[in-house]
Amino acid sequence: MSALFLYSEHVTLREKKSNKSKCQVEVVDNEGIPELRIGPIGEAHKGQTIQFEVGEQFQEFVKSVNDLYNRISPSN
């Protein structure tokens, strides 16, 4: 089985001391385990991978992203 990519974008990586560079963020269904990958453009899999192996952790993460979206949405 292979991973299903649900989101992949180039974004700004803000590092310590205000250094900014581009990186890639991916949201992946890796055989039923949700993952976030952040790494070099075109090679996010070589960077950091966050796996949510506990369903409640992932649900809380999604809820927090939705809350943030609603908070900064222009319609609010």
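Please read all numbers here as calculations on a predicted model, not as lab measurements.
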Check whether Gln24 reaches the backbone of Gly42 with its side chain - one donor and one acceptor, N or O, closer than 3.5 Å. yes
Give, for atom CD1 of Ile41 and atom NZ of Lys22, the distance between the pair rounded to the nearest 0.5 Å. 7.5 Å
When rounded to the nearest 0.5 angstrom, what distance separates OG in Ser73 from CG in Asn66? 11.5 Å
CD1-CZ distance between Ile50 and Arg37, expressed to the nearest 0.5 angstrom: 11.5 Å
Should Lys63 and Asp67 count as an ion pair when the cut-off is N to O under 4.0 Å? yes
Same cluster (ILVMFWY, side-chain, under 4.5 Å), Val27 and Ile38: yes
Over all heavy atoms of both residues, which pair between Phe52 and Ile33 is shortest? Give the atoms and the distance, please. O-CG2, 3.9 Å
Treat each ILVMFWY residue as a node, draw an edge where side-chain heavy atoms are under 4.5 Å apart, and state whether Tyr7 and Val65 are in one component. yes
Heavy-atom pair of closest approach, residues Ser21 and Glu15: OG-OE2, 3.4 Å
Heavy atoms only: give me the nearest Gly39-Cys23 pair and the separation to one decimal. O-CB, 3.3 Å
Once you round to the nearest 0.5 Å, how far does CG of Leu36 lie from OG1 of Thr49? 9.0 Å
In Å and rounded to the nearest 0.5 Å, what is the CZ to NE2 distance from Phe5 to His45? 8.5 Å
For atom CD of Gln48, is the number of surrounding heavy atoms from other residues, nucleotides or ligands below 6.0 Å larger than 12? no
Establish whether Phe61 and Val11 are linked, either directly or via other cluster members, by ILVMFWY side-chain heavy-atom contacts under 4.5 Å. yes
Separation of Gln51 CD from Glu35 CD (nearest 0.5 Å): 4.5 Å
What about Val25 and Val62, same hydrophobic cluster or not, with Ile/Leu/Val/Met/Phe/Trp/Tyr joined at side-chain heavy-atom distances under 4.5 Å? yes
